[in-house]
Amino acid sequence: MDALRTVVVGSDLGSFARAAVQLGRSQSAVSMHLKKLEQQAGTVLFVRKGRGLVPTEAGEAFIAYARRIVALNDEAALSVGAAASASSVRLGLPQDFFEDVMPATLARFGQDVENVHVDVQAGENHRLAEEVRAGRIDAAIAFFRPGSSAEGETLCELPMRWLAQRDLLDRHIADPLPLIMFNHPCLFRQAMLTALDHSQTRWRAALTTPSLPAVWSGLRIGLGIAVRTDHGRPEDITCVGPELGLPALPNIELRLLRAPNLSRFAERLAETLREETLKHLDPIHFPHGKR
């Protein structure tokens, strides 16, 4: 079981050297674990690439089983009160939901399930989806383009908004239009640039960042205009658009993603995330009044 846990942690961290530090083992002990597993499996599970190890095709399949075995082992130990390493579940969210959905989800999950470690990750939508598919995140909410591949459970559609500092409405808007954007790739960035290009509006990049707090800061000091949903919008940031002659923007879907073969704890986390997300979203965005 220790060897299997080493594989799972090393895969999650992307480094067996970091896994050794987290698990409190020497790198030689970790190497022995991997060698032992390959001997028992009768095939190569990892190959060296650069300074690290990457899984082979057989290794990828093995990691998926190792993850399920470790989760089941921890779940069984906790159910009988045995002393065991704390079970771990992994949660992913866009930064827009860190002020309300994340703490509400963690609070409820902590009340329902004891002695379970929660690993929270913020990320770009495509990375969150990739991590869930690979089983490195158990449950996540992420934005998707409406009508894109049927992945996950659609929770609602949210309108995209042009956002700016309130005082900007009383000032002359620069030409070209200064934009505050997330780094590429980003669905909000793509929608914003597509709308501006179709309307033949001249623009320039005033600030690009992977940080939502940096977007809010850029808006507050008047660096430019951004696109996001209303959810999580600070009170000192306002919606603009028609007043400035800006083009219409499309909606964006919010979906719940679940990894395959979830443990009982991870399934509970996913359901809690779903319920708390719906609770904190504006009900006008739900079709036919259903949530």
Side-chain angles (χ1 to χ4, degrees), residues 1-92 109 112-121 123 126-140 142 151-152 256-273:
M1 192 59 61
D2 287 343
L4 293 178
R5 196 180 301 277
T6 297
V7 167
V8 171
V9 175
S11 175
D12 289 344
L13 297 179
S15 165
F16 286 105
R18 289 199 292 270
V21 173
Q22 178 164 317
L23 294 172
R25 299 192 180 99
S26 65
Q27 292 194 31
S28 60
V30 168
S31 297
M32 288 179 61
H33 279 161
L34 299 182
K35 183 177 180 180
K36 176 182 177 182
L37 290 173
E38 288 187 329
Q39 289 174 343
Q40 292 178 331
T43 187
V44 176
L45 301 176
F46 299 92
V47 294
R48 183 161 296 283
K49 184 176 182 180
R51 299 178 62 182
L53 296 174
V54 296
T56 61
E57 185 174 345
E60 290 281 6
F62 183 83
I63 290 170
Y65 281 105
R67 195 181 303 281
R68 291 159 60 185
I69 293 168
V70 169
L72 189 60
N73 170 79
D74 293 347
E75 189 175 314
L78 284 172
S79 70
V80 297
S85 298
S87 185
S88 182
V89 291
R90 293 140 304 170
L91 175 69
F109 183 73
D112 296 341
V113 179
E114 296 182 351
N115 301 321
V116 175
H117 167 253
V118 183
D119 178 6
V120 179
Q121 299 182 34
H126 69 284
R127 294 194 183 279
L128 288 174
E130 289 171 1
E131 294 290 282
V132 172
R133 289 188 212 107
R136 290 187 289 267
I137 291 179
D138 295 309
E151 180 177 14
L256 172 68
L257 307 176
R258 302 173 189 246
N261 305 309
L262 290 179
S263 68
R264 176 169 61 91
F265 295 138
E267 186 62 49
R268 182 59 193 151
L269 176 69
E271 188 56 30
T272 302
L273 175 61

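You'll find the ring centres of Phe109 and Phe265 outside the 6.0 Å limit.
Going from atom CG of Leu262 over to atom CD of Glu271 covers 11.5 Å, rounded to the nearest 0.5 Å. Residue Leu34 holds its CG atom at 8.5 Å from CG of Leu45, rounded to the nearest 0.5 Å. Between the CG atom in Asp112 and the OG1 atom in Thr272 there is a gap of 5.5 Å [rounded to 0.5 Å]. Within the model, atoms CG of Leu128 and CZ of Arg133 stand 10.5 Å from one another, a figure rounded to the nearest 0.5 Å. Note: Glu130 CD to Ile137 CD1 = 10.5 Å, rounded to the nearest 0.5 Å. For the atom pair Thr6 OG1 and Phe16 CZ, the distance stands at 8.0 Å (nearest 0.5 Å).
Residue Met32 places its CE atom among 12 or fewer non-hydrogen atoms of other residues, nucleotides or ligands, all under 6.0 Å distant. For Arg127, the CZ atom sits in a loose shell: 12 or fewer heavy atoms of surrounding residues, nucleotides or ligands are nearer than 6.0 Å.
With Arg67 as the partner, the side chain to side chain contact (heavy atoms under 4.5 Å, CB included) test is satisfied by one option alone out of Val8, Leu72, Leu4: Val8. Between Lys35 and the options His33, Gln39, Glu38, a side chain to side chain contact (heavy atoms under 4.5 Å, CB included) holds for only Gln39.
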**OP:** Could you please spell out the steps behind the side chain to side chain contact (heavy atoms under 4.5 Å, CB included) verdict for Phe46 and Leu37?
**Re:** CA-CA 10 Å; Phe46 299 92; Leu37 290 173; over 6 Å; no

**OP:** Kindly determine whether Met1 and Ile69 satisfy side chain to side chain contact (heavy atoms under 4.5 Å, CB included), including the steps that lead there.
**Re:** CA-CA 8 Å; Met1 192 59 61; Ile69 293 168; 3.9 Å; yes

Original post:
Given the rule in the side chain to side chain contact (heavy atoms under 4.5 Å, CB included) test, do Leu53 and Val47 qualify, once you have shown the distances and angles that lead to the verdict?
Top reply: CA-CA 5 Å; Leu53 296 174; Val47 294; over 6 Å; no

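For the pair Val89/Asp119, no side-chain contact is recorded, criterion being any heavy-atom separation below 4.5 Å from C-beta on.
Between Arg90 and Asp138 there is a salt bridge, since a side-chain N of the basic residue sits under 4.0 Å from a carboxylate O of the acidic one. With salt bridges taken as basic N to acidic carboxylate O contacts below 4.0 Å, one links Glu267 and Arg258.
Heavy-atom minimum distance, Gly152 versus Leu257: CA-CD2, 3.7 Å. Closest approach of Ala140 and Val132 over heavy atoms only: CB-CG2, 3.9 Å. Contact between Ser11 and Arg136 at its shortest, heavy atoms only, is O-CD, 3.8 Å.
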